[in-house]
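Some notes on the structure that comes next.
Just so you know, these numbers come straight off a predicted model, no measurement behind them.
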Amino acid sequence: MHMIRAAFLLVLFAFSVAAGAAQKEEKVVYHINDSTNATVALQNIRNHMNASPKAKIVVVTHGPGIDFLLEDAKDKNGNPYDIMVQQLADSNVQFRVCNNTLEARNISKKQLLPEATIVPSGVAEVSRLQVQEGYAYIKP
């Protein structure tokens, strides 16, 4: 009798752990430091949002990775980035740009797409999101 009861409690515990894990908020930081792969990264994020619509996604950019978030930026085929960025932002994807990069490259904040938010340091933001807020890290 004790064995059956112990087995039952073990199964119950396993199901409760699984249920708790299924309800955990999905938080992901996409790290972009090279805009040559921005199109692929944005497509990955769109696919991610299609598969997990409730996922909390933050895109952190620095160095040449900020270029796709500048006004009038286009991919190698001449397609503007602003439309896809706006669509993702409408799905609650956040875009963060490194202020150190803006200053080092003498880029005005006015040149950024309106969906972009400036953070003091891109690499520090990636670290902060992972360590302090529990975000998973993806480098497309």
Side-chain angles (χ1 to χ4, degrees):
M1 184 68 160
H2 290 292
M3 288 289 269
I4 294 172
R5 184 175 176 191
F8 175 76
L9 290 175
L10 184 60
V11 170
L12 184 62
F13 175 75
F15 279 120
S16 67
V17 168
Q23 294 178 6
K24 188 170 183 174
E25 181 180 36
E26 181 179 351
K27 300 185 298 186
V28 181
V29 56
Y30 279 78
H31 177 202
I32 301 175
N33 63 348
D34 182 356
S35 279
T36 60
N37 67 355
T39 299
V40 171
L42 294 172
Q43 290 169 344
N44 287 343
I45 295 164
R46 182 178 53 212
N47 291 342
H48 192 151
M49 291 302 296
N50 288 340
S52 300
K54 293 182 180 180
K56 186 173 183 181
I57 296 178
V58 177
V59 179
V60 178
T61 64
H62 64 92
I66 75 163
D67 293 352
F68 78 98
L69 291 172
L70 298 175
E71 286 185 351
D72 301 322
K74 295 180 176 149
D75 67 16
K76 64 182 179 180
N77 297 320
N79 299 312
Y81 286 111
D82 61 346
I83 296 167
M84 189 178 285
V85 169
Q86 183 179 18
Q87 290 171 343
L88 290 171
D90 289 345
S91 296
N92 296 319
V93 173
Q94 297 177 21
F95 293 88
R96 300 184 185 168
V97 174
C98 174
N99 191 58
N100 290 335
T101 297
L102 294 175
E103 289 179 1
R105 293 177 57 192
N106 292 319
I107 297 174
S108 169
K109 297 171 185 178
K110 295 176 184 178
Q111 290 178 260
L112 292 173
L113 295 177
E115 295 81 10
T117 302
I118 299 169
V119 294
S121 166
V123 292
E125 184 69 1
V126 169
S127 176
R128 186 188 71 74
L129 288 168
Q130 289 180 84
V131 174
Q132 295 180 13
E133 296 192 33
Y135 277 69
Y137 176 85
I138 295 181
K139 177 81 168 99

> Does the side chain of Tyr135 come within less than 4.5 Å of Lys56's, by heavy atoms?
Replying inline: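 Answer yes - side chains close enough.
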
> Can you find a heavy atom in the side chain of Tyr30 that is under 4.5 Å from one in the side chain of Val93?
Replying inline: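 No. Closest side-chain heavy atoms not under 4.5 Å.
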
> Considering residues, nucleotides and ligands other than Asn47, do more than 12 of their heavy atoms fall under 6.0 Å from its CG?
Replying inline: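 Check passes, neighbour count above 12.
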
> Taking everything shown except Lys139 itself, do over 12 heavy atoms lie less than 6.0 Å from its NZ?
Replying inline: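 It does: Lys139 NZ has more than 12 such atoms within range.
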
To the closest 0.5 Å, what do you measure between [atom1] ([X]) and [atom2] ([Y])?
| X | Y | atom1 | atom2 | result |
| --- | --- | --- | --- | --- |
| Lys54 | Glu25 | NZ | CD | 11.0 Å |
| Ile45 | Ile32 | CD1 | CD1 | 5.0 Å |
| Tyr81 | Leu88 | OH | CG | 13.0 Å |
| Met49 | Asp90 | CE | CG | 11.0 Å |
| Asn44 | His48 | CG | NE2 | 10.0 Å |
| Ser91 | Gln86 | OG | CD | 11.0 Å |

> Which hydrophobic side chains are connected to Val40, either touching it within the sub-4.5 Å cutoff or through other members that do?
Replying inline: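 In the cluster with Val40 there is nothing else; it is isolated.
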
Do the side chain of [X] and the main chain of [Y] share a donor and acceptor less than 3.5 angstrom apart?
| X | Y | result |
| --- | --- | --- |
| Asp75 | Asn77 | yes |
| Ser108 | Lys110 | yes |
| Ser121 | Ala124 | yes |
| Asn37 | Pro140 | yes |

Of the non-hydrogen atoms in [X] and [Y], which two are nearest, and what is the gap between them?
| X | Y | value |
| --- | --- | --- |
| Phe68 | Val59 | CZ-CG1, 4.4 Å |
| Ser35 | Pro64 | OG-O, 2.9 Å |
| Leu112 | Ala116 | CB-CB, 4.3 Å |

> Applying the 4.5 Å side-chain criterion to the ILVMFWY set and letting contacts propagate, would Phe95 and Leu102 be lumped into a single cluster?
Replying inline: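 Same cluster: Phe95 reaches Leu102 through Ile, Leu, Val, Met, Phe, Trp or Tyr contacts under 4.5 Å.
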
> Do Ile138 and Val29 belong together in a cluster built from hydrophobic side chains that touch within less than 4.5 Å?
Replying inline: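 Cluster IDs for Ile138 and Val29 differ.
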
> Testing Leu70, Val119, Ile66, Leu113 for side chain to side chain contact (heavy atoms under 4.5 Å, CB included) with Val97, which one passes?
Replying inline: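 For Val97, the side chain to side chain contact (heavy atoms under 4.5 Å, CB included) test succeeds with only one of Leu70, Val119, Ile66, Leu113, which is Ile66.
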
> For residues 91-109, which residue pairs qualify under salt bridge (charged side-chain N to carboxylate O under 4.0 Å, His left out), counting only residues two or more places apart or in two chains?
Replying inline: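 Counting only pairs at least two positions apart or across chains, the salt bridge (charged side-chain N to carboxylate O under 4.0 Å, His left out) contacts touching residues 91-109 are Asp67-Arg105, Arg96-Glu125.
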
